[in-house]
Amino acid sequence: MIDVKKFIKVVDGRIRVTDRNFLRESIDNLIYRAVFSQDDSEKTGLYKIILEAAKDIGIYPSSIEKFYKDIGKGRYSGFTAPAINIRGLTYDVARTIFRKAKEMSVGAFIFEIARSEIAYTIQSPLEYSAVILSAAIKEGFEGPVFLQGDHFQVNAKKYSDNPGKEIDTLKSFIKEAIEAEFYNIDIDASTIVDLSKDTVKEQQAPNYTLTASLTSYIRELESEGITISTGGEIGEIGGRNSTVEELKDFLDGFRESFNKKFSGLSKISVQTGTSHGGVVLPDGTLAKVKIDFETLRTLSEVARKEYGLSGAVQHGASTLPEEAFSKFPETGTAEIHLATGFQNIIIDNPFLPSSFKGEIYEFLNKEFIKEKKEGQTEEQFIYSVRKKGFGPFKKRWWDLPQEIKIPIMTELENRFELLFDRLKVTNTKNIVEESVAMVTIKKEIPEVVRRFL
């Protein structure tokens, strides 16, 4: 067991780092021990030690709210923030991102995980926070780190069967995420838009009413000095394209439903032609996707100029062709969400042993065969479920030797460099730090942490 007392002590009720170099040298083993400990109290204790140690050396879990509101006021423009979901090899991938961000002076980037991903990748919000901040410690990154709950989505069927229970479940996810210092949360109630109603505003009413209610709940949980950046969504990703009418009726309805003494939404997710993970053809290749960039431009402009938001958010973008990414800053898109493309780089890398990949696929065929849709080819089925091969094999992924990891991370690093360049977020670190207050939320040291100190 690592003796954390060698580089950490408690001063005035706060965890203080006494030896940064020793912390950095030890963090590989410390986060590994935390993630794979069979003792839940030890796991929780180590996660919290890592979070507090990171904050003490200038790594701040932060809200992007103020920065996005400054974009809405026209103070900043010309770039699109990438929001990155990491499903597997999380520590190594996060290290790669921080390394490239330092090199390119990138500040406008987000680490996120969706409600569904928390389940199938077996990464709790607290684990995700601790792993991301461990990577920042290892790479010597300092400044704000934006942790985001992506697609905290209402399950339409469960909501229909028992609305109260589904909302309570979603609230528990929100509370858990905030306690893990996720200060950015995207609410997705677009699943309960009622298209049977006559007018667009009536159709959007369940969406904006519930989004307002959950945003109010988020405001109740905020710590002093932090306003959590909250996003809404007007059209379920993979459906028909969003319209200006939908955007305005949703945001007008939200304003009418929301307590005006609180800060409202900072962004709005829309649908312009993509789907999560891309559209898979029978041979397993991805179909070309055509995004309606003019719609994206118009929606972003309306969101900024009429409502003071940062703009529109594009989901399902990671599998787009390289030339598409430069168009997002041109259209004023505030944020794009990226996940499957990175997953594909990891799984399809030629250095990944075919035997390991085959073992994962065999597991998926056994455990998730009921999810195979009528008419799907084997290639389409595997592509649709292989994201679920990260959680059950998490330790095996983490334990892969460096001669396998290094070429995978090299390919990912090249991809992150391209994205940072095309999305125009290079040299944004200074403006982000000018806009975002460096707030350290004091956390009581629980007994489970004191046992290590």
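Predicted, not measured: the structure shown is a model, and the values here were computed from it.
With sequence neighbours excluded, no residue satisfies ring-ring contact (aromatic ring centres under 6.0 Å, His included) with Tyr120. Every salt bridge (charged side-chain N to carboxylate O under 4.0 Å, His left out) that Glu181 has, sequence neighbours left out, goes to Lys55. Phe152 pairs by the ring-ring contact (aromatic ring centres under 6.0 Å, His included) definition with nothing, not counting sequence neighbours. Judged as a ring-ring contact (aromatic ring centres under 6.0 Å, His included), and not counting sequence neighbours, the contacts of Phe22 are Phe7. The salt bridge (charged side-chain N to carboxylate O under 4.0 Å, His left out) search around Lys5 returns Asp3, not counting sequence neighbours. Arg422 is linked by a salt bridge (charged side-chain N to carboxylate O under 4.0 Å, His left out) to nothing, counting only residues two or more places apart in sequence or in another chain. Annotation: side-chain contact (heavy atoms from CB on, under 4.5 Å) contacts of Lys373 (sequence neighbours excluded): Gln376. With sequence neighbours excluded, the residues satisfying ring-ring contact (aromatic ring centres under 6.0 Å, His included) with Phe393 are Phe363. Taking the side-chain contact (heavy atoms from CB on, under 4.5 Å) definition, one finds that Asp348 meets it with Asn344, Lys357, Arg386, sequence neighbours left out.
No hydrogens or angles considered: nothing links the side chains of Thr333 and Gln314 as a donor-acceptor pair under 3.5 Å. Checking Asn365 against Glu378 by side-chain atom types alone, a donor-acceptor pair falls below 3.5 Å. For the residue pair Glu371 / Ser384, no side-chain donor-acceptor distance below 3.5 Å is found, with atom types taken as modelled. Of the N and O atoms on the side chains of Gln148 and Asn184, not one donor lies less than 3.5 Å from an acceptor on the other residue.
Aromatic ring orientation, Phe109 versus Phe141: perpendicular (interplanar angle above 60°, classes split at 30° and 60°). Below 30°, between 30° and 60°, or above 60°: for His337 and His315 the angle between ring planes is between 30° and 60°, a tilted geometry.
Evaluation of the salt bridge (Lys or Arg N to Asp or Glu O under 4.0 Å) test over residues 317-333, restricted to residues two or more places apart or in two chains, returns Glu322-Arg415. Each ring-ring contact (aromatic ring centres under 6.0 Å, His included) pair with one or both residues in residues 399-426, not counting sequence neighbours, appears once here: Phe342-Phe416.
A salt bridge does not link Glu139 to Lys102: none of the charged nitrogens lies less than 4.0 Å from a carboxylate oxygen.
When the shell of 6.0 Å around CZ of Phe36 is examined, it contains more than 12 heavy atoms from other residues, nucleotides or ligands.
With ring centers used as reference points, Phe98 lies under 6.0 Å from Phe111.
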For residues 168-176, please give each side-chain donor-acceptor pair under 3.5 Å, one per line with the distance, not counting sequence neighbours.
unit_1	atom_1	unit_2	atom_2	d
Thr169	OG1	Lys165	O	3.0
Ser172	OG	Thr169	O	2.6
Lys175	NZ	Glu179	OE2	2.7

